[in-house]
Amino acid sequence: MGDKYRVFPGWWQVAVSLILQAASSASIFTAYSIIAVPLEKTFEPSRMVLMLGIPAVVAATGVLSPVIGAAIDKFSIRLLMLAGTFILGLGFVLLSFASSMNQVLLIYLIPMAISSVLTGPVAGSALLARWFNHRRGLAISIAAGGAAVGGLIIPPLLQYLIATFEWRAALQIYGVGVFAITAPLVALVVVSRPAERNLAAYGDVVTADSSAAPGQPKTLTFGFFLQQRNFWLVAVCLGLLFSGPMGLLTNFIPFLEEKNISVAQGALLLSVFSAANIAGKLGSGAIADKLASRTMLLAITILIAISVFGYLQSATFYLLAACSVGLGVSQGAVVPLWSIIMAKLYGPDNMGRSMGLMGAMITPFTLVAPPLFGRIYDISGSYNFALLGYIALLSIIPFLLVMLREQRHT
């Protein structure tokens, strides 16, 4: 690592990755409901059309992730992240000039989706996997916490700007501001590989080819991943773990109304979930550095199942809060664990391809769950059947994990 550095430079990469994920995730996803208010007043779309912005980003991200992921493995992450900060800021400026809801959706479909990949977990995890062999899980989990941190800061900031200025001017100010803050950080701090500073990854002296698995080419193809049993097993496990909480949270307030929980109490339960989610992200990485991924996936599955079952049985606010803590911690742990598993299985030089392709495979799970939960409610008059069905699906995961063969290719 070199004694001339009081702080290992990899930790500065963690800091920038955290800031980028805070800016992109909170700006695009968490703050959408803030931006939706003036959009609804201006364009008067149906509520369904108004809420298509986030599904548009998620669907486009699933399509774009494999292509952009391959570029992340091949080209300079620093330059790609820099492009991502520009596209993110440009997206908000373009929103300010939109003259119809169709144009708004197109902006979320293209520039917002591109920037979410270039500045989000795929790029950040690829960068940190190269900088850290030891304590990799901790580094990735800290950066993943940026999304939750941004969720605490950016929505009220955007609300303040919209309340102070006309909404179009507010989005222009925000778009220019987010680029002005993030672009210099990326340009000055991000280093695509430790070798560019004559350094090894944290805690190790590595060779040029150590990031590839023995007997594998250093750069793996999409075809290689699709032939791997481990890849499919992990994709199905993660798809199931992501989908249920997504379906529940998007239907959360209507679900709580069945239990005579007020909207105000429901909002507080969402805050409890968010706080627990931060803890799950920050804590999971350090644990993942010491435990096998299969063990962590099994523990997360059990905790999600217990939490969902608890939602079914609980009728008081405090019991529901306990369930929200369990679901928040377990859901938060899944995000960094995904990155850690890909690095273990396929090495740092294939993080973009592996996460990008798997992201495309997980996307259908997360897109289908929210409307499916709603449809089951429409048919049965209750969300209980959706939750029971999800618990049944979780029972598949232990059998999949038995077939998973762990390798460690740092």
Side-chain angles (χ1 to χ4, degrees), residues 1-18 20-21 69 72-74 76-78 81 121-146 189-220 224-225 228 230-231 234 281-297 333 335-356 358 404-410:
M1 284 184 278
D3 295 334
K4 64 178 180 178
Y5 294 105
R6 185 170 297 180
V7 177
F8 177 60
W11 294 113
W12 295 114
Q13 314 304 311
V14 173
V16 174
S17 296
L18 184 150
L20 284 184
Q21 292 188 48
I72 288 170
D73 288 338
K74 185 176 182 180
S76 166
I77 292 183
R78 175 174 167 271
M81 283 183 165
V122 174
S125 298
L127 175 67
L128 299 182
R130 296 175 184 177
W131 274 92
F132 291 85
N133 284 337
H134 297 287
R135 307 190 74 179
R136 177 183 289 157
L138 177 62
I140 290 176
S141 65
I142 291 173
V189 178
V190 171
V191 179
S192 297
R193 299 177 183 276
E196 295 177 13
R197 294 292 183 268
N198 296 317
L199 295 169
Y202 185 86
D204 267 354
V205 176
V206 295
T207 65
D209 293 326
S210 63
S211 60
Q216 293 178 183
K218 186 175 181 180
T219 300
L220 304 177
F224 174 87
F225 295 125
Q228 298 296 302
N230 277 350
F231 191 82
V234 173
K281 285 180 177 177
L282 295 179
S284 63
I287 298 172
D289 286 331
K290 299 177 182 179
L291 287 182
S293 299
R294 277 192 304 184
T295 304
M296 285 202 66
L297 283 171
V335 177
L337 184 59
W338 174 19
S339 305
I340 294 163
I341 291 173
M342 292 298 96
K344 285 182 179 180
L345 290 178
Y346 306 113
D349 288 315
N350 295 289
M351 287 288 287
R353 289 177 177 83
S354 61
M355 289 190 68
M358 189 169 288
L404 184 65
R405 296 291 178 263
E406 287 206 50
Q407 302 162 277
R408 186 172 183 87
H409 303 312
T410 57

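Separating the CG atom in Leu138 from the CH2 atom in Trp11 is a distance of 4.5 Å, to the nearest 0.5 Å. From Ser354, atom OG reaches atom CG of Asn230 across 12.5 Å, with rounding to the nearest 0.5 Å. Met358 CE to Leu345 CG: the interatomic distance, rounded to the nearest 0.5 Å, is 8.0 Å. Note that the CD atom of Gln13 and the CZ atom of Arg78 stand 10.5 Å from one another [nearest 0.5 Å]. Atoms CG and CZ, from Asn350 and Phe225 in turn, are 4.5 Å apart once rounded to the nearest 0.5 Å. The distance from atom CG of Asp349 to atom CE of Met351, rounded to the nearest 0.5 Å, is 10.5 Å.
Heavy atoms only, all atoms of each residue included: Ala343 and Ala129 are closest at CB-CB, 4.3 Å. A pairwise comparison of heavy atoms in Leu128 and Ala139 identifies CD1-O, 3.6 Å as the closest pair. Nearest heavy-atom pair, Gln21 versus Ala144, reported as atom, atom and distance to 0.1 Å: OE1-CA, 3.6 Å.
Taking 4.5 Å as the limit, every side-chain heavy atom of Leu20 sits out of range of all side-chain heavy atoms of Ser17. In this structure, Arg135 and Ile142 have side chains that are not in contact, with every pair of non-hydrogen atoms separated by 4.5 Å or more. Lys344 places a side-chain heavy atom less than 4.5 Å from the side chain of Ser293.
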When you look at Arg353 and Phe224, which way does the side-chain contact (heavy atoms from CB on, under 4.5 Å) test go after all the steps?
CA-CA 11 Å; Arg353 289 177 177 83; Phe224 174 87; over 6 Å; no
Test side-chain contact (heavy atoms from CB on, under 4.5 Å) on Met81 and Leu127 and set out the steps.
CA-CA 10 Å; Met81 283 183 165; Leu127 175 67; 4.0 Å; yes
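Using modelled atom types, one side-chain atom of Trp131 and one backbone atom of Val191 make a donor-acceptor pair closer than 3.5 Å.
Contacts of Ser339 classified as side chain to side chain donor-acceptor pair (under 3.5 Å), with partners at least two apart in sequence or in another chain: Ser125. Every residue meeting the side chain to side chain contact (heavy atoms under 4.5 Å, CB included) condition with Val122, not counting sequence neighbours, appears here in chain and number order: Ile72, Val117, Met355.
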